[in-house]
Amino acid sequence: MPLLEIRDLCLDLHGTRVVDGLSLTLEPGQSLCLVGESGCGKSVTALSLARLLDSPPASYPRGEIHLAGQNVLQLDSRALRQLRGAVVSYVFQEPGASLNPILRVGSQIREALQIHRPEAANDDEVLRLLRLVGIPAPEMRARDYPHQLSGGMQQRLALALALATRPQLLVADEPTTALDVTIQAQIIDLLRRLQRELGMAILLITHNLGLVADVADHVAVMYAGEIVETGPPDSLLHDPSHPYTRALLASVPDLHTPVTRLLNIPGAVPTPGQWPPGCRFAPRCPISRPSCTQVHPQLLPDPHASPPGRLTRCPWTSPSTAVPG
């Protein structure tokens, strides 16, 4: 039984569709990377898993979210409080904004323990969690305030807070965006180690394709409120089917190939409420055909993918159809 199953989810904000017919599945202990540019709907999808968006303005006119056997969209406020933290925890991209600036590090972890695991709300468990996420000298750091920690240490603290509740699913929303590449690598290595040790599932939201191969068991590429391609990372990254996935990969510089100018995707992600008819990527697509602007493509198995099991929303892509670069 999947830990997380999203079926045909539609999300509106202030009456405007921002997520449209999205379906995803995540098995216990597995990792799913949700990839795409800013404005594609990744973060609001993640927030919907625990109904963290205020309603109104958020509404769900269609679809289901099943998490640990519960239909999240049918839960009352009391059941949602039990779900948040105990089943799913979040780590956000700006740890400084999610930490309480007037509480010491140890007090913040102890507060999370008191709410979800009161029997473990003690100094020993606080220090154990700090050690678990690799914070040195935990006895000293527990007495610090968040502003006394570096960006990398703040992110580790945010991770310790998320893990204090022993969640089945950890949602990491751009957890390395504000960090330098060395600290990014440390945080990703830490996530992988903790997943192995704790057996939790991870939903990683990112626009950094360099992280995907290191973390994901499965990848879903999102554009303009919908999934345009899914598949295992090795297959999807080495032979992408959808032109958008290919364009994303082409825009990442290759360390082994000298380049004088980075490639970019022309235009921008269309604003919700202004999605074009037909294929939503067609106005930016280098292989767009007249029919692409008329017919909205479905997410279907890719007959050219090897190994099979990939889904794509482009009927024209084949191994011989490359994105010019």
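Source: prediction; values computed, not measured.
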Donor-acceptor pair, side chain of [X] and main chain of [Y], under 3.5 angstrom:
X: Gln155; Y: Pro175; answer: yes
X: Arg84; Y: Arg51; answer: yes
X: Glu64; Y: Arg7; answer: no
X: Arg280; Y: Trp275; answer: no
X: Arg192; Y: Ile188; answer: no
X: Arg143; Y: Arg104; answer: no
X: Ser89; Y: Ala86; answer: no
X: Gln148; Y: Tyr145; answer: yes
X: Glu174; Y: His207; answer: yes
X: His238; Y: Asp234; answer: yes

Take atom CZ of Arg166 as the centre, draw a 6.0 Å sphere, and report whether it contains more than 12 heavy atoms from other residues, nucleotides or ligands.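 Check fails, neighbour count at 12 or below.
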
Within 6.0 Å of CD in Glu111, more than 12 heavy atoms from elsewhere: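 Not more than 12 within 6.0 Å, no.
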
Under a 4.5 Å side-chain heavy-atom rule over Ile, Leu, Val, Met, Phe, Trp and Tyr, are [X] and [Y] clustered together?
X: Tyr223; Y: Val18; answer: no
X: Leu24; Y: Leu204; answer: no
X: Val44; Y: Val228; answer: no
X: Leu3; Y: Leu22; answer: yes
X: Leu83; Y: Phe92; answer: yes

[X] [atom1] to [Y] [atom2] distance, which is reported to the nearest 0.5 Å:
X: Tyr90; Y: Leu52; atom1: OH; atom2: CG; value: 4.5 Å
X: Thr165; Y: Ile115; atom1: OG1; atom2: CD1; value: 10.5 Å
X: Cys292; Y: Ile287; atom1: SG; atom2: CD1; value: 7.5 Å
X: Leu163; Y: Met200; atom1: CG; atom2: CE; value: 5.0 Å
X: Asp302; Y: Thr230; atom1: CG; atom2: OG1; value: 10.0 Å
X: Met1; Y: His66; atom1: CE; atom2: NE2; value: 8.0 Å

With sequence neighbours left out, what residues match Asp217 under salt bridge (charged side-chain N to carboxylate O under 4.0 Å, His left out)?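 Partners of Asp217 under the salt bridge (charged side-chain N to carboxylate O under 4.0 Å, His left out) test: none.
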
Pair Ile265-Leu248, side chain to side chain contact (heavy atoms under 4.5 Å, CB included): steps then yes or no: CA-CA 8 Å; Ile265 307 175; Leu248 285 176; 4.0 Å; yes

Pair Leu157, Val133 - check side chain to side chain contact (heavy atoms under 4.5 Å, CB included), show working. CA-CA 8 Å; Leu157 171 57; Val133 298; over 6 Å; no

Partner residues of Arg310 under the side-chain hydrogen bond (donor to acceptor under 3.5 Å, both in side chains) criterion, sequence neighbours left out: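 Arg310 satisfies side-chain hydrogen bond (donor to acceptor under 3.5 Å, both in side chains) with Glu229, Ser235, Ser241 only.
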
Measuring only between side-chain heavy atoms, which start at C-beta, is [X] closer than 4.5 Å to [Y]?
X: Val91; Y: Leu191; result: no
X: Leu311; Y: Pro301; result: yes
X: Leu49; Y: Leu169; result: yes
X: Arg128; Y: Asp124; result: no

Check against side chain to side chain contact (heavy atoms under 4.5 Å, CB included), Ile65 and Ser48: CA-CA 8 Å; Ile65 302 173; Ser48 297; 4.1 Å; yes

Hey, can you tell me if Tyr244 and His242 have their rings parallel, tilted or perpendicular (30° and 60° cut-offs)?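 It falls in the perpendicular class, over 60°.
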
So, are Glu37 and Lys42 salt-bridged, with charged N and O less than 4.0 Å apart?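 A salt bridge is absent here (no side-chain N lies under 4.0 Å from a carboxylate O).
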
Give the C-alpha distance, both sets of side-chain angles, the deciding distance and a yes or no for side chain to side chain contact (heavy atoms under 4.5 Å, CB included) between Val88 and Leu4. CA-CA 10 Å; Val88 55; Leu4 170 66; over 6 Å; no

Closest non-hydrogen atom pair, Ile135 against Pro138: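 Shortest heavy-atom separation between Ile135 and Pro138 comes out as O-CD, 3.8 Å.
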
